[in-house]
Amino acid sequence: MPDPHGFQRHERHLPKRRPVPVRLRDWHEVYPSADDAFIREQATRCMDCGIPFCHDGCPLGNRIPDWNDLVRTGDWDFAVESLHATNNFPEFTGRLCPAPCEAACVLAITDTGPGTGGRTNAVTIKQVEVEIANRAHERGLVVPRVAPERSGRSVGVVGSGPAGLAAAQQLARAGHAVTVYERDEAPGGLLRFGIPDFKLEKEHIDRRLAQLRAEGVAFVTGCHVGVDLPLEELRSRHDAVLLACGALQGRDMPETPGRHLAGVHLAMEHLVGSNRAVAGTVPWAPIDAAGKHVVIIGGGDTAADCLGVAHRQGAASVTQLDLYPQPPAGRDPARDPWPTWPWILREYPAHEEGGERVFAVAVQEFVGDDAGHLRAIRLAEVSVVREGGRRVVTPVPGSERELPVELVLLAIGFAGTEEGPLLAQLGLERTARGGLDCAEDWQTAVPGVFVAGDMHRGASLIVWAIAEGRAAAAAIHTYLGGAGELPAPVRPVSAPLAVR
Ligand SMILES: Cc1cc2nc3c(=O)[nH]c(=O)nc-3n(C[C@H](O)[C@H](O)[C@H](O)COP(=O)(O)OP(=O)(O)OC[C@H]3O[C@@H](n4cnc5c(N)ncnc54)[C@H](O)[C@@H]3O)c2cc1C
Ligand code: SF4
C-alpha cells in the first residue's frame with residue numbers, strides 16, 4: 001500500500017546537475033545517475049491516486065503509480081518490467097521527455113500563478129523513470145525477447161527514429177521479419193543526429209539497437225527510400241510498409257533580406273554537424289560557434305540544444321531571440337487549467353550555462369559585410385496577434401536596433417515531412433500540419449503503406465513517436481493476420497490534454 005503522506009514528508013527534489021564549468025568542457029550528460037535512497041524517497045511521494053491523472057498526460061499510458069510504488073519498496077526488477085510493458089525505450093523518454101505526466105500529476109494541482117516561481121510540486125516521474133531504465137541496463141535486464149514463432153510475413157520500416165524503432169521492435173517480437181531502411185549512416189533519427197550528447201549519450205541508442213538486432217530486426221543504412229530504393233520496389237519486397245520519416249523540413253526565413261549571407265544557417269545544420277563531430281564520424285563540426293557572437297532565433301527544444309552546443313564550442317556570446325512575449329513563471333489557470341500542459345517560461349539546463357534571452361523581437365534584416373559575411377542583425381520589438389487563424393507580427397515603430405553577430409541559427413520549427421521523391425512516388429499531399437493523413441488503422445491512401453510518428457503528426461515529441469510506432473505496429477500486425485492483438489496506446493486522432 002503506497003504511502004498517502006509521502007508527499008507531506010518529502011519535498012520534490014531532482015538530483016544535482018553537474019557543475020556548469022565542468023560540463024561545458026565535455027559532451028557528457030548533465031545529470032549524473034542518482035543513488036537508490038534518493039530515488040526511493042522521491043517515488044514515495046506518489047499517492048497512487050484513485051484516478052491517476054498522470055496517466056492522462058502520458059500518450060504511452062505508462063503505469064506510473066505502479067512503478068513508483070515498486071521503486072518505493074526497492075523492487076527494481078519488477079519496476080523494469082512494469083515500465084517496459086508500455087514503453088520500448090524508457091531511457092529515451094526518461095532523459096528527454098518534457099513530461100506532460102508531471103504537469104498532469106495530482107500534486108501539481110497547486111502549481112498556479114507567478115507565486116510558484118515556476119516550481120512544481122509534481123512527483124519526479126521522469127527522474128524515477130530514467131533511474132529504473134539505468135538499473136535495467138546495470139542489472140542485465142535489457143535482453144532480447146526473440147519471438148517464439150515466425151509469422152512468415154515481412155515489414156519494411158522507413159526511418160529509424162523512435163517511431164520506426166518502436167514499431168520495428170513490436171513487429172519483430174510478434175514474429176514478423178522486419179527491415180528498417182535509414183538514409184543516414186547510422187540508425188536513431190533525431191535521437192542520434194538532432195539531440196546533443198549532453199541530453200542523450202549515444203551509447204543508449206546503441207544498446208537498444210543491439211537488442212533489436214538480436215531480436216531479428218535488420219538495418220539497411222545509407223538507403224534513401226525514393227532515391228536509392230524506389231517505393232514500388234520496397235513494396236514488392238514486403239507485405240507491409242511503415243513510413244516513419246519524421247518531419248524534418250526546417251522552417252526558414254527566405255523573405256528576410258540577407259538570408260543568403262554566409263553565417264546564417266538552419267539549426268539542424270549546426271546540430272547534425274556537431275553530433276557527427278562528437279561521434280567522430282567527421283573531424284570537426286562544419287558550423288563552429290568558437291569565438292563567435294551567436295544569435296539563435298527560436299525558443300523551443302532545438303534552440304536550447306543549439307545554445308548548449310554553442311557554449312561547448314566556445315562561443316563568445318549567445319543571444320536567443322523569441323517572437324513571443326516572455327511566458328509567465330507559473331501556470332495561468334484561466335488559460336491552461338490543470339491537468340493540461342501549461343504555457344510557462346521553460347528553463348532548460350542549457351539556460352543555466354549562459355546566454356541572454358530576448359523576447360517579443362523579430363529580425364528585420366541580416367546585415368552583411370562587403371565579402372558577403374554576416375556581421376549584424378537588425379532587430380525590432382514586435383507585437384504578435386492572431387487574426388482569422390493567421391499570425392500577424394507588427395514591429396513597434398522606433399524600436400529598431402542593430403546587434404553585431406557572426407553566426408545566426410534558425411530554430412523556428414519544422415514545416416513537416418520533407419517534400420521529395422518519396423512523397424511524389426506515394427502520390428500523396430501533406431496535411432496542414434505537414435504530415436501524412438491516415439485512416440483509423442494508420443494506413444495511408446496507398447494500400448499496405450502505413451505512417452507513424454512526426455511524419456504523421458507533424459513535429460512533436462519522442463513519447464508521441466514511440467506511442468504512434470507501437471499503435472501502428474498493432475495495426476500492421478492485424479493487417480498481416482497476426483494472432484491476438486498488440487498494444488495500441490493511441491489512435492491517429494489522439495491529441496494532448498487540452499481545453500480548447
Ligand atoms: C534538435 C531537436 C531536439 C529535440 N529534443 C526533444 C526532446 O528533448 N524531447 C522530446 O520529446 N522531443 C524532442 N524533439 C522532437 C523529437 O526528436 C521528435 O519528435 C522525434 O524524434 C520524432 O520521431 P520520428 O521517429 O517520428 O522521426 P525522426 O526522429 O525525425 O526520424 C526520422 C528518420 O527517418 C529518416 N528518413 C527520412 N526520410 C527517409 C527516406 N526517404 N528514406 C530513409 N530514411 C528516411 C531520417 O533520416 C530519420 O532518421 C527534438 C527535435 C529536435 C529537432
Ligand atoms: S497523479 Fe501524481 S501522485 Fe497521483 S498516481 Fe500519478 S504520479 Fe502518483
Side-chain angles (χ1 to χ4, degrees), residues 2 4 6-7 43 45-58 62 64-66 68-69 92-93 95-102 104-109 121-125 128 157-167 180-184 186-196 199-200 220-229 231 234 243-248 250 267-268 270-272 275 300-306 309 339 348 411 413-414 417-418 420-423 425 435 451-466 468-469:
F7 73 96
R45 298 185 69 246
C46 175
M47 302 180 283
D48 189 10
C49 302
I51 300 176
F53 279 86
C54 52
H55 277 198
D56 296 309
C58 177
N62 277 342
I64 294 163
D66 293 9
N68 274 335
D69 197 46
F92 303 159
T93 42
R95 285 179 170 77
L96 299 167
C97 190
C101 56
E102 292 188 17
C105 172
V106 172
L107 291 181
I109 211 160
N121 194 36
V123 174
T124 55
I125 300 170
V128 175
V157 175
V158 186
S160 65
L165 292 181
V180 177
Y181 298 86
E182 169 56 56
R183 69 183 175 190
D184 284 329
L190 284 172
L191 299 174
R192 186 180 296 278
F193 291 107
I195 293 168
K199 276 170 61 181
L200 178 77
V220 180
T221 52
C223 176
H224 191 168
V225 173
V227 178
D228 306 314
L229 176 64
L231 180 69
L234 178 74
L243 301 178
C245 299
L248 296 167
M268 284 300 286
H270 180 228
L271 294 173
V272 172
N275 275 323
D301 275 325
T302 309
D305 290 353
C306 287
V309 170
Y348 297 82
F414 293 84
T417 200
E418 290 159 302
L422 178 58
L423 280 200
Q425 289 164 26
V451 66
D454 280 8
M455 189 175 193
H456 161 252
R457 176 166 292 273
S460 178
L461 296 174
I462 291 157
V463 69
W464 278 98
I466 298 174
E468 290 209 357

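Worth knowing before you read on, the calculation uses all heavy atoms, side chains too, and leaves out hydrogens, waters and symmetry mates. Both ligands and their constituent atoms are indexed starting at 1 by order of listing.
Looking at Glu468 against ligand 1, nothing comes within 4.0 Å, counting heavy atoms. Using a 4.0 Å cut-off between heavy atoms, Val158 contacts ligand 1 through its side chain alone, with no backbone atom that close.
Set against the non-hydrogen atoms of Ala465, the atoms of ligand 1 under 4.0 Å away are 22 (C), 23 (O). Taking a cut-off of under 4.0 Å to the non-hydrogen atoms of Leu422, the atoms of ligand 1 that pass are 41 (N). The distance from ligand 1 to the heavy atoms of Leu461 drops below 4.0 Å at these ligand atoms: 10 (C), 11 (O), 12 (N), 19 (O). Listed by atom number, the atoms of ligand 1 under 4.0 Å from Gly453 heavy atoms are 26 (O). Numbered from 1 in the order shown, with element, the atoms of ligand 1 that lie under 4.0 Å from a heavy atom of Leu271 read 1 (C). Of all atoms in ligand 1, numbered sequentially from 1 with element shown, those under 4.0 Å from a heavy atom of His224 are 40 (C), 41 (N), 42 (N). The ligand atoms of ligand 1 that sit less than 4.0 angstrom from a heavy atom of Ala244 are 32 (C), 33 (C), 34 (O). Atoms of ligand 2 found under 4.0 Å from any heavy atom of Ile125, numbered from 1 in the order shown, are 7 (S). The distance from ligand 1 to the heavy atoms of Thr302 drops below 4.0 Å at these ligand atoms: 1 (C), 2 (C), 52 (C), 53 (C).
Side-chain contact check for Val225 versus Arg183: every heavy-atom pair is 4.5 Å or farther apart. Residues Asn62 and His55 have side chains not in contact (no heavy-atom distance under 4.5 Å, counting atoms from C-beta outward). Inter-residue side-chain proximity for Asp69 and Asp48 is flagged as unmet; no heavy-atom pair is nearer than 4.5 Å. Residues Pro4 and Met47 form no side-chain contact, since every pair of their non-hydrogen atoms from C-beta on lies 4.5 Å or further apart. Taking 4.5 Å as the limit, every side-chain heavy atom of Pro339 sits out of range of all side-chain heavy atoms of Asp56. Contact of the Leu248 side chain with the Leu190 side chain is registered, since non-hydrogen atoms from C-beta on lie closer than 4.5 Å. Proximity of Thr221 to Pro187: side-chain heavy atoms (C-beta onward) are separated by under 4.5 Å at one or more points.
Not a single heavy atom of Ala267 lies less than 4.0 angstrom from ligand 1. Residue Phe414 places a heavy atom under 4.0 Å from ligand 1. Residue contacts with ligand 1 do not include Pro196, since none of its heavy atoms lies under 4.0 Å from the ligand.
Looking from atom 42 (N) of ligand 1 to the surrounding protein, the closest heavy atom is Val225 N, 2.9 Å.
For atom 4 (Fe) of ligand 2, the neighbouring protein N/O/S atoms at less than 2.8 Å, given as residue and atom, are Cys49 SG.
Closest heavy-atom approach to atom 4 (C) of ligand 1 within the set Asp228, Ile195, Ile462, Leu96: this belongs to Ile195. When Gly194, Cys245, Cys223 are ranked by how near their heavy atoms come to atom 38 (N) of ligand 1, first place goes to Cys245. Nearest to atom 21 (O) of ligand 1 by heavy atom, out of Ala303, Gly420, Pro162, is Pro162.
Below 3.5 Å of separation, one finds an N or O of Asp454 facing an N or O of ligand 1.
Residue Asp305 comes nearest to Gly194 through the heavy atom pair OD2-O, 4.4 Å, listed as atom of the first residue, atom of the second, then distance.
Side-chain contact annotation: Asn68 with Arg45, donor-acceptor N/O pair under 3.5 Å absent.
Arg192 has no carboxylate O lying under 4.0 Å from a charged side-chain N of Asp184, or vice versa, which leaves the two without a salt bridge.
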